[in-house]
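Take a look at the structure below.
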Amino acid sequence: MGDRRGTVFFDYDGTLHDTMALYGPAFRAACAWLSKEGWLERRTYADADIACWLGWTTEEMWTTFAPHLPEPVWREASLRVRDEMERLRKEGRARLFPGVEEALDEVASRGATMVLLSNCWRSYGEDHMREFGLGRWIEGLHCAQDFDWIPKWQIYREVASFYPLPHIMVGDRFHDREVALRNDIPFVACAYGFGEPGECEGADAIAECAEELPRLIAQKLAAFEK
């Protein structure tokens with residue numbers, strides 16, 4: 001099917017990218033630095049303590065996680081996380097969820113346009129596009145940094161007119177659900193990602209693994225043809 005049958009807006013971290021391989025050690029390193037500097041009590045962070053922050057913007061995350069930190073301190077911690085994640089990526093530690101590449105192949109074969117909508121830095125998005133060759137499938141990359149870190153649902157409104165209708169949102173966090181709810185488009189939730197219980201509530205479909213995405217996306221796009 002060569003025609004452009006709608007657009008799928010994908011979140012990246014927790015939807016396509018298994019981010020904890022990078023974010024876990026980078027977060028722990030930043031917290032160790034904050035503890036050494038006297039800003040945080042030293043403690044052990046389980047993966048669940050860390051994964052819950054994935055998908056948040058930088059400011060949202062740090063001002064919620066440690067609201068007592070002065071802005072220059074949390075911004076330095078954020079840069080340390082970013083730089084460590086980049087170092088680990090260059091070491092080959094980044095990974096997509098199992099089945100993601102095959103899923104994107106199948107969605108592309110059905111003629112849909114695919115776009116990334118992520119609460120990330122521009123450099124991070126571009127580096128990962130190159131790392132995994134995502135340009136094979138992804139036709140647009142929209143990063144929160146490009147929009148001065150406004151909420152993701154507002155970013156969608158800024159870019160939606162560039163892409164063929166109908167639109168659907170695919171993601172694992174409440175930010176992604178909010179895109180769909182505020183803009184009245186279907187939401188396919190990724191239960192395998194990093195969302196907490198309840199963040200898939202109200203989804204139009206729920207994927208338990210990346211392999212299920214093509215079928216669910218096809219169902220949601222087909223519903224617009226009836």
Side-chain angles (χ1 to χ4, degrees), residues 6-23 50-58 60-61 85 94-101 103-104 107-108 112-122 124-129 131-132 134-135 137-147 149-160 162-163 166-183 185-214 216-217 220-221:
T7 303
V8 184
F9 288 84
F10 283 102
D11 171 53
Y12 182 61
D13 290 315
T15 298
L16 305 181
H17 180 224
D18 188 359
T19 323
M20 278 298 290
L22 306 183
Y23 189 66
I50 300 171
C52 65
W53 302 113
L54 286 165
W56 293 54
T57 65
T58 299
E60 279 182 322
M61 180 268 152
M85 289 181 71
R95 65 193 183 205
L96 300 177
F97 285 109
V100 161
E101 293 184 287
L104 295 177
V107 174
T113 298
M114 289 180 279
V115 177
L116 289 186
L117 193 62
S118 176
N119 281 332
C120 70
W121 297 78
R122 163 57 58 173
Y124 178 90
E126 291 179 345
D127 287 341
H128 282 251
M129 287 283 289
E131 178 80 19
F132 296 111
L134 296 176
W137 309 284
I138 302 300
E139 298 185 30
L141 170 65
H142 301 291
C143 307
Q145 185 186 21
D146 297 335
F147 298 87
W149 307 101
I150 62 175
K152 189 179 279 190
W153 64 269
Q154 291 181 330
I155 298 174
Y156 168 82
R157 289 187 181 179
E158 293 285 333
V159 304
F162 302 148
Y163 299 104
H167 295 171
I168 65 173
M169 184 71 208
V170 180
D172 68 316
R173 301 306 310 270
F174 67 90
H175 308 87
D176 308 309
R177 181 179 64 184
E178 191 176 34
V179 170
L181 290 176
R182 286 181 176 266
N183 294 290
I185 62 174
F187 176 45
V188 176
C190 301
Y192 58 85
F194 303 117
E196 297 180 321
E199 291 192 55
C200 292
E201 185 177 343
D204 297 279
I206 298 177
E208 299 294 338
C209 59
E211 288 89 342
E212 294 182 356
L213 288 175
L216 298 176
I217 289 169
K220 296 302 125 187
L221 290 176

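- In this structure, the side chains of Arg182 and Tyr156 stay at 4.5 Å or more apart for every pair of heavy atoms.
- Looking only at distances, no side-chain donor or acceptor of Asp172 sits under 3.5 Å from a matching main-chain atom of Cys190.
- At a threshold of 4.5 Å between non-hydrogen side-chain atoms, the residues Ile168 and Val8 count as touching.
- Under a 3.5 Å cut-off, the side chain of Asn183 and the backbone N or O of Val179 do form a donor-acceptor pair.
- The shortest distance between side-chain heavy atoms of Lys152 and Asp11 falls below 4.5 Å.
- Phe147 places a side-chain heavy atom less than 4.5 Å from the side chain of Val159.
- Without hydrogens or angle criteria, Tyr192 side chain to Thr15 main chain gives a donor-acceptor distance under 3.5 Å.
- The closest donor-acceptor contact from the side chain of Glu60 to the backbone of Trp56 lies at 3.5 Å or more, if one exists at all.
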### Query
Can you list the steps and then say if Phe132 with Val100 is a side-chain contact (heavy atoms from CB on, under 4.5 Å)?
CA-CA 11 Å; Phe132 296 111; Val100 161; over 6 Å; no

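- The structure places OG of Ser118 at 11.0 Å from CD of Gln145, a figure rounded to the nearest 0.5 Å.
- The backbone N or O of Glu201 lies less than 3.5 Å from a partner atom in the side chain of Arg177, making a donor-acceptor pair.
- Using a 4.5 Å cut-off on side-chain heavy atoms (C-beta onward), Leu141 and Arg122 make contact.
- For Glu131, the side chain to side chain contact (heavy atoms under 4.5 Å, CB included) partners two or more places apart in sequence, or in a different chain, are Arg89.
- In this structure, the side chain of Asp18 does not engage the main chain of Phe97 through any donor-acceptor pair within 3.5 Å.
- Taking 4.5 Å as the limit, every side-chain heavy atom of Ile185 sits out of range of all side-chain heavy atoms of Pro166.
- For Tyr163 and His142, the gap between ring centers is short of 6.0 Å.
- Note that CH2 of Trp137 and OG1 of Thr113 are 15.5 Å apart. Values are rounded to the nearest 0.5 Å.
- Looking only at side-chain heavy atoms (C-beta outward), Met85 and Asp127 stay at 4.5 Å or farther from each other.
- Closest of all the heavy-atom pairs between Cys120 and Cys143 is O-CB, 3.4 Å.
- Here the options are Glu196, Glu178, Glu199, the test is side-chain hydrogen bond (donor to acceptor under 3.5 Å, both in side chains), and the partner is Arg173; only Glu199 passes.
- Between Tyr12 and Leu96 the shortest side-chain heavy-atom distance falls below 4.5 Å.
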